[in-house]
K.L.:
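Sharing a structure, written as structure tokens. Questions coming.
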Amino acid sequence: MEITQAFAQDLREASLPRYSQLPTLDLYKDQLVELTNGYLAPFFPGEKAVTDTMVNNYVKLKVIAPPVKKRYRREQLAQLILTCLLKKVLSIAEVRQLLAAQTKVGTLEAGYDYFCQRMEQAVRAVGGDSGLWQQADDGSPQKALLDHAICSFVHKLYFEQILAGASGAEE
């Protein structure tokens, strides 16, 4: 349980870079991957958030914009950060649909910064002293697992309905 509490503490203290903090210089793919993995390390303990192959697939699937002369701009870095985090709970098709819906109602910069703010708030709320992390009746990890699985399901259910409504309204 100690490792889990250390993880929760690291996660509560994690912050995502805001759009204005992302590099303005164009990046090669290896730089893009390294930077993204560095930013997302607290959210992917013991694993890489993204690989070169994943970047190629996201470009092919039109989740992130293709590079210009083999270089990626900060817009693509922001899209990649969002994609890496969202793919934990959404399909790539849902991520693409969500990003497309968000850019129709505002700028990528505003949507990205809103996402970062809300992600940090959610991490602190869920992992805080009064959050679900601590709510298992007897403190057992099995009940905490179930609590989080239930919340994931309920949030996913609401997400699908809201996304379907947002997509239907745009057509």
K.L.:
With a sphere of 6.0 Å drawn around NZ of Lys62, does it hold more than 12 non-hydrogen atoms of other residues, nucleotides or ligands?
P.N.:
no
K.L.:
Does Lys156 form a side chain to side chain contact (heavy atoms under 4.5 Å, CB included) with Leu90? I'd like the steps, not just the answer.
P.N.:
CA-CA 8 Å; Lys156 175 80 175 185; Leu90 303 177; 3.9 Å; yes
K.L.:
Got a second to check how far Leu82's CG is from Cys116's SG, nearest 0.5 Å?
P.N.:
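Interatomic distance, Leu82 CG to Cys116 SG, rounded to 0.5 Å: 6.5 Å.
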K.L.:
Rounded to the nearest 0.5 Å, what separates atom CZ in Arg74 from atom CG in Leu27?
P.N.:
11.0 Å
K.L.:
Say whether, by atom type as modelled, one donor and one acceptor occur between the side chain of Gln79 and the main chain of Ala65 under 3.5 angstrom.
P.N.:
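Yes, Gln79 side chain to Ala65 backbone: donor-acceptor pair under 3.5 Å.
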K.L.:
Taking the six-membered ring of Tyr112, is NZ or CZ of Arg18 closer than 6.0 Å to its centre and within 45° of its axis?
P.N.:
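No, cation not above the ring by the 6.0 Å, 45° rule.
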K.L.:
Between Phe159 and Glu94, is a side chain to side chain contact (heavy atoms under 4.5 Å, CB included) present by the stated rule, with each step listed?
P.N.:
CA-CA 10 Å; Phe159 167 82; Glu94 290 170 328; 4.1 Å; yes
K.L.:
Quick one: OH on Tyr58 to CD1 on Ile64, what's the gap to the nearest 0.5 Å?
P.N.:
9.0 Å
K.L.:
Show the nearest heavy-atom pair for residues Leu99 and Val63, with the distance to one decimal.
P.N.:
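What the structure gives for the nearest pair is CD1-O, 3.9 Å.
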K.L.:
Under 3.5 Å, side-chain donor or acceptor atoms of residues 32-51 against the rest of the protein: list the pairs with distances, not counting sequence neighbours.
P.N.:
residue, atom, partner, partner atom, Å
Thr36, OG1, Leu32, O, 2.8
Asn37, OD1, Ala49, N, 2.8
Asn37, OD1, Val50, N, 3.0
Asn37, ND2, Val33, O, 3.2
Asn37, ND2, Val50, O, 3.0
Thr51, OG1, Met54, N, 3.2

K.L.:
For residues Leu25 and Tyr72: do they belong to one hydrophobic cluster (side chain heavy atoms under 4.5 Å, members Ile, Leu, Val, Met, Phe, Trp, Tyr)?
P.N.:
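Cluster IDs for Leu25 and Tyr72 differ.
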K.L.:
Tell me if a side-chain donor or acceptor on Gln76 pairs with a main-chain N or O of Pro66 at a distance below 3.5 Å.
P.N.:
yes
K.L.:
Ignoring hydrogens and angles, tell me if any N or O in the side chain of Asp26 forms a donor-acceptor pair with the backbone of Arg71 under 3.5 Å.
P.N.:
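Here the side-chain-to-backbone pair does not exist.
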K.L.:
Would you say Arg96's side chain and Leu61's backbone share a donor-acceptor pair under 3.5 angstrom?
P.N.:
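At least one qualifying donor-acceptor pair exists.
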K.L.:
Atom CG in Asn57, atom CG in Asp52: separation rounded to 0.5 Å?
P.N.:
11.0 Å
K.L.:
Quick check against the 3.5 Å criterion: does Arg12 have a side-chain atom that pairs as donor or acceptor with the backbone of Val123?
P.N.:
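Looks like no, no N/O pair under 3.5 Å.
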K.L.:
If you apply the rule side chain to side chain contact (heavy atoms under 4.5 Å, CB included), what do you find for Arg73 with Leu77, and how did you get there?
P.N.:
CA-CA 7 Å; Arg73 298 177 316 274; Leu77 176 56; over 6 Å; no
K.L.:
How far apart are the closest heavy atoms of Lys87 and Val95, and which atoms are they?
P.N.:
N-CG2, 4.1 Å
K.L.:
Is there a donor-acceptor pair under 3.5 Å between the side chain of Gln102 and the backbone N or O of Leu108?
P.N.:
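Flag not set: sc Gln102 to bb Leu108 has no pair under 3.5 Å.
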K.L.:
Does a donor on one side chain sit under 3.5 Å from an acceptor on the other, for Arg124 and Gln121?
P.N.:
no
K.L.:
Measure the CG-CE distance between Leu11 and Met119 for me, rounded to the nearest 0.5 Å.
P.N.:
8.5 Å
K.L.:
Return the CG to OG distance between Leu98 and Ser91, rounded to the nearest 0.5 Å.
P.N.:
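Taking CG in Leu98 and OG in Ser91, the distance rounds to 10.5 Å.
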K.L.:
Show your reasoning for whether side chain to side chain contact (heavy atoms under 4.5 Å, CB included) applies to Phe115 and Ile81.
P.N.:
CA-CA 10 Å; Phe115 174 87; Ile81 291 169; 5.5 Å; no
K.L.:
Look at the side-chain heavy atoms of Ile, Leu, Val, Met, Phe, Trp and Tyr, link any pair under 4.5 Å apart, and say whether Ile92 and Val89 land in one connected group.
P.N.:
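Yes; tracing contacts between hydrophobic side chains, which count when under 4.5 Å, links both residues.
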